[in-house]
Protein chains: 2
Amino acid sequence: MDQIVRRRTAGGDQGETSPGRASAGAADGSVGGGAGGSAGGVVGGTTAGPGRKRGKALEAAIFDAALDQLTSGGFARMTMEGVAGAAQTGKAALYRRWASKADLVLDALGSTLPPPVDIPDLGSVRAELMQLMAYFGDALDSRAGTAMRALMAELDHERARVFQDFIMDRVIRPAALATMQILQRGELRGDVRPGAATPLVADVGPAMLLYRAKICQGRLDADFGQALVDEVLLPMVSPAERR
Amino acid sequence: MDQIVRRRTAGGDQGETSPGRASAGAADGSVGGGAGGSAGGVVGGTTAGPGRKRGKALEAAIFDAALDQLTSGGFARMTMEGVAGAAQTGKAALYRRWASKADLVLDALGSTLPPPVDIPDLGSVRAELMQLMAYFGDALDSRAGTAMRALMAELDHERARVFQDFIMDRVIRPAALATMQILQRGELRGDVRPGAATPLVADVGPAMLLYRAKICQGRLDADFGQALVDEVLLPMVSPAERR
DNA sequence: GGGATTGTGAACGCAAGCGTTCTTTAGGAT
DNA sequence: ATCCTAAAGAACGCTTGCGTTCACAATCCC
């Protein structure tokens, strides 16, 4: 903690450093407010409680707060002030480390998103897809996953380059790759239709998970993954004789 | 225009009426700023130009401005002030009609989103799916469609009930229903596998379109619909003998 | 033309949040 | 215990935007 570098990897950082701002339209103080109590685990009292976090512990608390704020209000409504409050620290501690909100978000997500997964050969494409979709579902259900979903909204807007590369590299492409590996292996094994292993087909699982998460407020049924595999993915990729 | 009612159908309107606000983090003045010139179609001059719009014409300009602001910055960054500026009108004209930003958005989208589609019997599931995906793609490509995509981000956040019902009623369910009709007709006709017409399967098309739009900044290739049908949807729903 | 209505731009008081600075406090190492 | 450094809280001046109000202007209709 004697070489904290102010991180400015986000480059064009969403105009954060501009003196002008747009209204978020809804800072009723509840954005991430609920996280205030959970960040420090301390109930009651207006002081920081049992003591100050420093270094890595403080960064972890800041990350938690940032992800929660991102999840509950989206990137636009997330504020440095809110994150600082939820992490029970001061803004100066944030600005000592991160030049902008985007820098903080990328660091928080980059540190907490699950890694790419490599599903081993389980002997059948069904078993492999089941495991992969379960992995994806768990990832989506995690704190980082829900925050990442919220951040994906920024891809719709101008100046989103800063997040575009991150999400492509850490989410979209790894998901497609993991699926593609399973499909190609299945083609060799014979339980995947020849020619089924295309990028478009590889996007179906992730697309469906995200769609369902979106329209069900992030709640995925326990058996959604299985239904997805059996109703959608297997019929799509199985050879004819498996129908 | 003698009975303009201040519309307040949005109920819990995102804390818009709360005196508190959250920072959008990026009001560099460019949110929807580019739309300023296109809203009125009038170039040059600091006045309203050839005349003031009233009534329906003004509302149309306001709707355009609102949708553009929603698209370029999302709901949180969209401001009444920005919409008024882009529509070359005053805030008071907006507030005479809509109590809140959410009210305005729902009205703007409700008035401009394309209606549910009913694809006729074209003799083959492929032809029908092609036409439906083309319809969806066009809708997504429209001003209302892109704004609706931006608004879907709000579904990820708390207090999104106000938009949830709207999007379910006007987007999600109609899309699934249109697909389901095609699948059921195909089952009867014999070119769709019995049992393929499930809600999950019916979600695949819309999910993929949205996913692709999201990761390609709204740009869908001209032949994306065809590839989606031929690589994903047809293999998924065709009977075995069609493989 | 006159009256009613709507629209425009400015102004208002208020709010949240920005990024920065400063003082005091607390944590950690010696 | 002492010293150094990071952290916490407060304060600052500034910004944008909120929702409202008002005066004036424009439009529409009789």
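Each chain gets a letter, A, B and so on, in the order the sequences are listed, and its residues count up from 1. These numbers were taken from a predicted model, which means no experiment stands behind them.
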Nearest whole Å is fine: how far is [N] [atom2] from [X] [atom1]?
X	N	atom1	atom2	answer
B:Glu59	C:dG7	CD	P	8 Å
B:Met78	D:dC18	CE	C1'	14 Å
B:Gln69	D:dT16	CD	P	15 Å
B:Lys56	D:dC28	NZ	P	16 Å
A:Gln88	D:dA10	CD	P	13 Å
A:Met80	C:dA16	CE	C1'	16 Å
A:Leu94	C:dT20	CG	C1'	14 Å
A:Arg97	D:dT5	CZ	P	16 Å

Checklist entry - Got a sec, which residues hit side chain to side chain contact (heavy atoms under 4.5 Å, CB included) with B:Thr146, two or more places apart in sequence or on another chain? => result B:Thr71
Checklist entry - Residues in side chain to side chain contact (heavy atoms under 4.5 Å, CB included) with B:Ala227, at least two apart? => result A:Leu200, B:Glu231
Checklist entry - Which listed nucleotide (D:dA7, C:dG7, C:dT20) is nearest to the side chain of A:Lys91? => result C:dT20
Checklist entry - In chain order, what residues pass the ring-ring contact (aromatic ring centres under 6.0 Å, His included) check against A:Phe63, with sequence neighbours excluded? => result A:Trp98
Checklist outcome for this item: Applied to residues 109-118 of chain B, the salt bridge (charged side-chain N to carboxylate O under 4.0 Å, His left out) test, sequence neighbours excluded, yields none
Checklist outcome for this item: By nearest-heavy-atom nucleotide on DNA chain C, the more 5' of B:Ala92 and A:Glu81 is B:Ala92
Next on the checklist: Any side-chain to backbone donor/acceptor pair from B:Lys101 onto B:Met78? Under 3.5 Å, distance only.
Outcome noted: yes
Find every protein N or O atom lying less than 3.5 Å from an N or O atom of nucleotides 23-26 of chain D, and list the pairs.
unit_1	atom_1	unit_2	atom_2	d
D:dA25	N3	B:Arg52	NH1	3.0
D:dA26	O4'	B:Arg52	NH1	3.0

Ignoring hydrogens and angles, write down the donor-acceptor pairs under 3.5 Å from the side chains of residues 206-220 of chain B, residues two or more places apart or on other chains.
unit_1	atom_1	unit_2	atom_2	d
B:Lys214	NZ	A:Met152	O	3.2
B:Lys214	NZ	A:Asp156	OD2	2.9
B:Gln217	OE1	B:Arg219	NH2	3.2
B:Gln217	NE2	A:Gln164	OE1	2.9

